Amino acid sequence: MSADRDLSVASWLVSAGRDRRPGSPLNVPPIPASNFILGDARAYSRDDGTPGWDALEELVAGLEGGGYAVAFASGMAGIAAIFDQLRAGSIVALPDDCYQGVAGLALGGERQGRWKVRRIGVSDTAGWIAACGEADLIWLESPSNPMLAVADVDVICKAPRKSGAILTVDNTFATPLNQRPLELGADVVVQSATKFIGGHSDLLCGVVTARELGLQHALRHARELHGATPGTLEVFLAVRGARTLALRLERAQYNAGVLAERLSGHPKVRVTRYPGLPSHATNEAARRQLKGFGTIISFDVAGGAAEADAVCSALRLVQHATSLGAVESTIERRAAIPGQEHLPASLLRLSVGIEEVEDLWRDLDQALRSI
Ligand SMILES: *Cc1c(COP(=O)(O)O)cnc(C)c1O
């Protein structure tokens, strides 16, 4: 498989991960194989992968701007493989706002005595620079979930690191189209392919891309021994979804910009967080770091949990569902989720899809006015 890495991102997405030999199907079909006839590179798929995994890995590695990708059963499976690289007694620097699964994994490991966790504010750049000299795993997530704080990723990636430290950026919210941390000096980038890469709420998959081959080998080894292998149908659907990522993101991001602006002026909304809004706390960092401001908005409904729940129930086009990055808009009250009670009670996280923006606005406006 080979596609031209000099292509623009949209063209890369459409053409990467193909078997170009004459007579091959245009896209690598689902290949349900645990084992292969011996004598060539592949013997057993858990160890050696399948052409379907290779297609997704080639596509995402190119998207991240180079590096070596490893596909996993989910974003969390890939994240667990990164944490698995730590020696006993390591120090993990973790944002104070990040994906709750990552926080759960890190804090659970700390309770078991595997490592120590230091929480750092997403925009506390001095804190991150100091942590780079001490921590064995520096974990950035930017924009963060669900407060959408943008870290000074460029500055933090250039700070001197403790020898052997791994600086990881969870790039799921930004996507590689808006931010390429490997080019800034990160060691590893994480995508929950469940979200924007798949884009249709129909699969679980993760892809971790390492800047260096040695780390890729270690991550593959972890995948092999943990059995954290992606599904046959899932990698096929992830590649299929990725073909339209540039188009989907462009439309959803346009919609999100319009909706964020209007929500911030709505009488039933108290606070609107969107990296592109001048009123956003880290808008300046967002303008510097991100090519686009993404498709996620979090806003606090005037009132409390009951009012926010009522908005979710009154919506018709926007789906009351978790997750994000798909063609359909989804909304959820994050403080309702176990472990997320520290968030503002009426905070709704809206993942904006590719519907017609005026239809989305009418739906949001009627739901807000109903409370
Ligand atoms: C969803 C998500 C994950 C976890 O990915 P799964 O595919 O659900 O395991 C990690 N980080 C971020 C930012 C996410 O949104």
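Numbering of ligands and ligand atoms starts at 1, following listing order. Bear in mind the structure is a predicted one, so any value in this text is a computation, not a measurement.
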Pair [X] + [Y]: basic N to acidic O under 4.0 Å:
X    : Y    : answer
K291 : E250 : no
E58  : R20  : no
R349 : E332 : yes

Pairs of nitrogen or oxygen atoms, one from ligand 1 and one from the protein, closer than 3.5 Å: please tabulate them with distances.
| unit_1 | atom_1 | unit_2 | atom_2 | d |
| --- | --- | --- | --- | --- |
| ligand 1 | 5 (O) | S192 | OG | 2.9 |
| ligand 1 | 7 (O) | G75 | N | 2.8 |
| ligand 1 | 7 (O) | S192 | OG | 2.8 |
| ligand 1 | 7 (O) | T194 | OG1 | 2.6 |
| ligand 1 | 9 (O) | G75 | N | 3.1 |
| ligand 1 | 9 (O) | M76 | N | 2.8 |
| ligand 1 | 11 (N) | D170 | OD2 | 2.6 |
| ligand 1 | 15 (O) | K195 | NZ | 2.7 |

Self-check item: Contacts of type side chain to side chain donor-acceptor pair (under 3.5 Å), residue E212, not counting sequence neighbours
Solution: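 Testing E212 for side chain to side chain donor-acceptor pair (under 3.5 Å), a comparison that skips the adjacent residues, returns none.
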Quiz prompt | Partner set under side chain to side chain donor-acceptor pair (under 3.5 Å) for E134, not counting sequence neighbours | solution =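 Only R118 meet the side chain to side chain donor-acceptor pair (under 3.5 Å) criterion with E134.
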Quiz item: What ring pair (Phe, Tyr, Trp, His ring centres under 6.0 Å) pairs are there with at least one residue in residues 101-120, not counting sequence neighbours?
Solution: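 Every pair satisfying ring pair (Phe, Tyr, Trp, His ring centres under 6.0 Å) with a residue in residues 101-120: F83-W115.
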